Amino acid sequence: KIFTRAEHPSGTTTLIPAWADQWRLGMHYEVPAAPLAAILQWDEIKTARLIKIDVEGAEWHVVSGMASLLRACRTDLEIIIEVAPKMLEAEGRTCQEFLDFFAALGFHPYRIENDYSAAAYFAPRTPTRPQRIEQIPTETDQTDLIFSRIDAASL
């Protein structure tokens, strides 16, 4: 089930019933889903260079099933993922467990600066390089990360 608002698509969606209640998302739809390993052919998995994950609170559900897939991928594979610490905790997981999962597979976390304001789409700016982090900031609603096997201060 994916939960959303009835009045107009606001972009606020979740797969997590507790967050749907908190955000007053009254509509839900049944959407067929399957793990990437069941959708993609192995030659597609082995040649993927980038995986983008944005699942509004269901991060652990997605990545926990990806270990075998990530072991089979290219050595330069990178994963971009939006992590919501409070939602992760509501699912019984910690930010450290999330980082440990990727570390066990040889990935290092880097924070991507992302200004979600509407004005940011129109204002000229110089992009900043993703910076290596030791912990996921828990004082923010969400953090955009890139996991890479590159071991450096920045990407």
Side-chain angles (χ1 to χ4, degrees), residues 1-116 118 121 127 130 132-138 140-151 155:
K1 282 185 181 179
I2 188 166
F3 298 91
T4 189
R5 288 199 172 93
E7 55 275 9
H8 51 51
S10 64
T12 303
T13 62
T14 186
L15 303 174
I16 312 300
W19 288 100
D21 291 343
Q22 182 175 336
W23 294 338
R24 297 183 185 100
L25 303 177
M27 296 288 296
H28 70 272
Y29 300 93
E30 297 280 335
V31 178
L36 278 179
I39 296 170
L40 299 175
Q41 301 294 318
W42 274 106
D43 60 326
E44 293 173 310
I45 292 169
K46 289 179 182 178
T47 59
R49 172 67 181 87
L50 180 69
I51 297 173
K52 170 70 166 97
I53 302 167
D54 186 349
V55 290
E56 305 302 332
E59 294 88 15
W60 184 258
H61 297 278
V62 171
V63 300
S64 64
M66 292 178 60
S68 63
L69 179 143
L70 295 176
R71 284 187 190 98
C73 286
R74 297 165 46 150
T75 57
D76 63 345
L77 171 75
E78 292 179 316
I79 300 120
I80 297 175
I81 187 164
E82 179 185 273
V83 179
K86 291 177 186 170
M87 296 176 116
L88 196 58
E89 290 171 15
E91 290 297 297
R93 297 297 175 173
T94 67
C95 290
Q96 191 58 51
E97 284 178 295
F98 199 78
L99 294 176
D100 291 346
F101 171 84
F102 282 102
L105 295 165
F107 288 90
H108 307 281
Y110 297 83
R111 185 167 189 256
I112 301 170
E113 292 293 328
N114 192 354
D115 183 349
Y116 285 90
Y121 290 97
R132 177 85 170 263
I133 60 169
E134 297 299 320
Q135 296 178 338
I136 297 172
T138 57
T140 61
D141 288 337
Q142 60 198 28
T143 299
D144 291 319
L145 300 175
I146 184 165
F147 287 92
S148 176
R149 290 189 173 111
I150 295 172
D151 186 3
L155 291 178

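Everything numeric in this text was worked out from a predicted model, so none of it was measured. When reading the values below, keep in mind they use all heavy atoms of this one structure, side chains included, and skip hydrogens, waters and symmetry mates.
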Of all pairs that satisfy salt bridge (Lys or Arg N to Asp or Glu O under 4.0 Å), the ones with a partner from [range], not counting sequence neighbours:
range	result
residues 19-34	none
residues 59-78	R49-D76, R49-E78, R74-D76
residues 98-116	R111-E113

Nearest 0.5 Å please: distance from the [atom1] atom of [X] over to the [atom2] atom of [Y].
X	Y	atom1	atom2	value
I79	C73	CD1	SG	7.5 Å
L155	I112	CG	CD1	8.5 Å
T14	L25	OG1	CG	7.5 Å

### Note, I81 side chain near V62 side chain (heavy atom, < 4.5 Å)
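A side-chain contact under 4.5 Å is absent here.
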Do any side-chain atoms of residues 31-39 form donor-acceptor pairs under 3.5 angstrom with protein atoms, and if so which ones, sequence neighbours left out?
none

List the atom of [X], the atom of [Y], and the distance in Å for their closest heavy-atom pair.
X	Y	value
L15	A58	CD1-CB, 3.7 Å
W42	S68	CH2-O, 4.3 Å
R149	T75	CD-O, 3.4 Å
V63	F101	O-CZ, 2.9 Å
A48	L77	O-CD1, 3.6 Å
F98	V83	CE2-CG2, 3.5 Å

Under the side-chain contact (heavy atoms from CB on, under 4.5 Å) test, residues paired with [X] that sit two or more places apart:
X	value
Q135	none
S64	W60
T140	P137, T143
L99	Q96, P109, I136, F147

Using the test side-chain hydrogen bond (donor to acceptor under 3.5 Å, both in side chains), find all partners of [X] that sit at least two apart in sequence or belong to another chain.
X	value
H28	none
E91	H61
D141	none

Quiz item: Mind checking what makes salt bridge (Lys or Arg N to Asp or Glu O under 4.0 Å) contact with E97, not counting sequence neighbours?
Solution: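 Once residues adjacent in sequence are excluded, the partners of E97 under the salt bridge (Lys or Arg N to Asp or Glu O under 4.0 Å) criterion are R93.
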*Before giving the answer on side chain to side chain contact (heavy atoms under 4.5 Å, CB included), spell out for E82 and N114 the whole-Å C-alpha distance, their side-chain angles and the decisive distance to 0.1 Å.*
CA-CA 10 Å; E82 179 185 273; N114 192 354; 5.9 Å; no
